[in-house]
2 protein chains.
Amino acid sequence: MPLSRAKIAAAAIQLADVHGLDGLSVRKLAKELGVGPMRLYDYVVNRSELLDLMVDAIYAQIAEADQHSQWRATVLAIYHRTRDATLDHEWFSDLLGGRPHLGPHALAVGESTAAALSQAPAVRDIDDLQRIVGALNAFVIGALRREVTERRTARTTGTDVTTWQKTLGPYLTRMLKTGRYPTVARLVIDGAHLNPEETFHHNLITILDGITS
Amino acid sequence: MPLSRAKIAAAAIQLADVHGLDGLSVRKLAKELGVGPMRLYDYVVNRSELLDLMVDAIYAQIAEADQHSQWRATVLAIYHRTRDATLDHEWFSDLLGGRPHLGPHALAVGESTAAALSQAPAVRDIDDLQRIVGALNAFVIGALRREVTERRTARTTGTDVTTWQKTLGPYLTRMLKTGRYPTVARLVIDGAHLNPEETFHHNLITILDGITS
DNA sequence: TGCGCTACCGTACGGCGTATCCATAAGGTA
DNA sequence: TACCTTATGGATACGCCGTACGGTAGCGCA
């Protein structure tokens, strides 16, 4: 097996899936592939280019979204698929919005999204399109980052009450008991655990429909 | 000068403002403060806690937003101030959404935002509030990340045409000339350079009014 | 005077990205 | 067959990083 950019990216993704982006080093990746570290620099100029490779591989996964005849359904499908891919590869959220996504598959996804949105009746000119694409992407980036962060903290502190009280619990409850943050306290304590997918869907629809009308 | 968490945070912020988060190391920070590296670990348990300190210092800056009598004006003021602070300290965008913001000032900002939004007529119960706060925060996080990323690439590649053509230009124009990304091409080529602040404001208002009605 | 405690610091370890140089194998030519 | 060229892969090394650890100097107090 002669080693290739695709193979390197696949191994890197697998490593990052398990150990996160911090746990992905050029050296470990090389060891995983059974070669010396410097070998990888024949295929990639930088660690950062390695990340670009990984990102575009994820976009390839996203780009497989089915084309719907309705522009609205197409847009929703793409963003939901983005969410699915992000939850499958949480490190992806660390890179979301942090660098320009210019790989071929990223461009393809961007093209599908923009093309669909350009069919919305409210989109009169290219400036409208730019604003709308920007707003939607911004929401999705932020929402996915938040969701992944919540997942991570829930995982490390544990969802159950006992470990929660041993980690962030004391500090947070102490802060909330000061009475200086009543609304936040209500959100934390009384706020039901909303279904993340439903919340994402609901907010996405609200913004999409609000912005295209 | 006896060294304190506040002083450490201030020096760290200054360093990060100039050299970015990557250019901020515990060792450099210690040297800047005229002490040995390990000295800082008497005030901070981790590099990560150092970042938390810095983040909360920025939230302190944001929290100074004036209180308006109208909830809508309050919300807008807070988010605009968030944007201002982020553009003053671009590294802040790298941390946005990537970790829970639980410092006292972050909580204060969250409290002000949530309290204001809870006065919106459309907010009936706490679940509404949770969804709306989540959606707005998500948009702002994503929008600021994107804006900072654009600023950075514009800075390194240069805004003028000549350097642009020497860096990303060739690759991107080649990709766009394939004809596979017509809509993206139109966005890049024909899309006017929209005023970032206006775009932010416009989108924020659209989402805010769409979601609270 | 002696003693424990605290504040502080120097050193060191393991890991990182990557520049540079070396060994070896492969293949073409005389 | 013998030699030279060229590509392929690897070992080593440099300068950084975060931080664990052990030691020391100064000081309050018995």
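Chain identifiers are assigned alphabetically (A, B, ...) following the order of the sequence lines, protein sequences preceding nucleic acid strands; residue numbering begins at 1 within each chain.
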Participant: Starting at atom CG of B:Leu40, determine the distance to atom C1' of C:dA7, rounded to an integer number of angstrom.
Facilitator: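 Distance, rounded to whole Å: 14 Å.
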Participant: For B:Asp22 and for A:Gly36, find the nucleotide of DNA chain D with the closest heavy atom, then tell me which residue's nucleotide is more 5'.
Facilitator: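 With B:Asp22 and A:Gly36 compared, the 5'-side residue is A:Gly36.
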Participant: Partners of B:His201 by ring-ring contact (aromatic ring centres under 6.0 Å, His included), sequence neighbours excluded?
Facilitator: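 ring-ring contact (aromatic ring centres under 6.0 Å, His included) check on B:His201 returns B:His80.
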Participant: Which of the following nucleotides, C:dC8, D:dG9, D:dG18, is nearest to the side chain of A:Arg39?
Facilitator: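 Among C:dC8, D:dG9, D:dG18, the one nearest the side chain of A:Arg39 is D:dG9.
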Participant: Would you call B:Arg5-B:Asp56 a salt bridge at under 4.0 Å N-O?
Facilitator: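 The answer is no: the pair does not qualify as a salt bridge.
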Participant: Between A:Leu29 (CG) and C:dT18 (P), how many Å, whole number?
Facilitator: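 Interatomic distance, CG of A:Leu29 to P of C:dT18: 13 Å.
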Participant: Identify, with sequence neighbours excluded, every residue that meets ring-ring contact (aromatic ring centres under 6.0 Å, His included) alongside A:Tyr59.
Facilitator: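 Here the qualifying residues are A:Phe92, A:His101.
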Participant: Quick one: list whatever passes side-chain hydrogen bond (donor to acceptor under 3.5 Å, both in side chains) with B:Glu147, sequence neighbours left out.
Facilitator: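 Counting only residues at least two positions away or on another chain, B:Glu147 forms a side-chain hydrogen bond (donor to acceptor under 3.5 Å, both in side chains) with B:Arg83.
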Participant: When you measure only distances, ignoring hydrogens and angles, does the side chain of A:Arg27 come within 3.5 Å of the base of C:dG15 through a donor and an acceptor?
Facilitator: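 By the distance-only test, no, there is no pair.
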Participant: Whole angstroms only, please: what is the CG-P distance between A:Leu51 and C:dC16?
Facilitator: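 Rounded to whole Å, this separation is 15 Å.
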Participant: On DNA chain C, nearest-nucleotide positions of B:Val35 versus A:Lys28: which is more 5'?
Facilitator: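 Counting from the 5' end, the first nearest nucleotide belongs to B:Val35.
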Participant: Using whole Å, what does the distance between atom P of nucleotide C:dC16 and atom CG of A:Asn46 come to?
Facilitator: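 Computing the A:Asn46:CG to C:dC16:P distance gives 17 Å.
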Participant: Check salt bridge (charged side-chain N to carboxylate O under 4.0 Å, His left out) between B:Arg27 and all other residues, then give those that pass, not counting sequence neighbours.
Facilitator: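 Not a single residue meets the salt bridge (charged side-chain N to carboxylate O under 4.0 Å, His left out) criterion with B:Arg27.
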Participant: For A:Arg47 and C:dA19, give me the distance from atom CZ to atom P, rounded to whole Å.
Facilitator: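 In whole Å, C:dA19 P and A:Arg47 CZ are 15 Å from each other.
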Participant: Using rotation axes that map the C1' atoms of four end pairs onto the next four (five pairs an end), what angle separates the end axes of the helix from C:dT1-D:dA30 to C:dA30-D:dT1, to 10°?
Facilitator: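 Axis-to-axis angle, ends of the helix: 30°.
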Participant: Let me know the distance between CE of B:Met38 and C1' of D:dC21, rounded to the nearest Å.
Facilitator: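 B:Met38 atom CE is separated from D:dC21 atom C1' by 8 Å.
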Participant: Could you list the residues that satisfy ring-ring contact (aromatic ring centres under 6.0 Å, His included) with A:His68, not counting sequence neighbours?
Facilitator: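 A:His68 satisfies ring-ring contact (aromatic ring centres under 6.0 Å, His included) with no residue once adjacent residues are dropped.
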Participant: Are A:Asp84 and A:Gln61 close enough, and set up right, to give a side-chain contact (heavy atoms from CB on, under 4.5 Å), and what steps lead you there?
Facilitator: CA-CA 10 Å; A:Asp84 293 342; A:Gln61 195 170 323; over 6 Å; no
Participant: Taking atom P of D:dG10 as reference, at what distance in whole Å does atom CG of A:Leu33 sit?
Facilitator: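 The answer, rounded to whole Å, is 11 Å.
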Participant: What's the CG-P distance between B:Asp42 and C:dG10, to the nearest Å?
Facilitator: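 Result: 13 Å.
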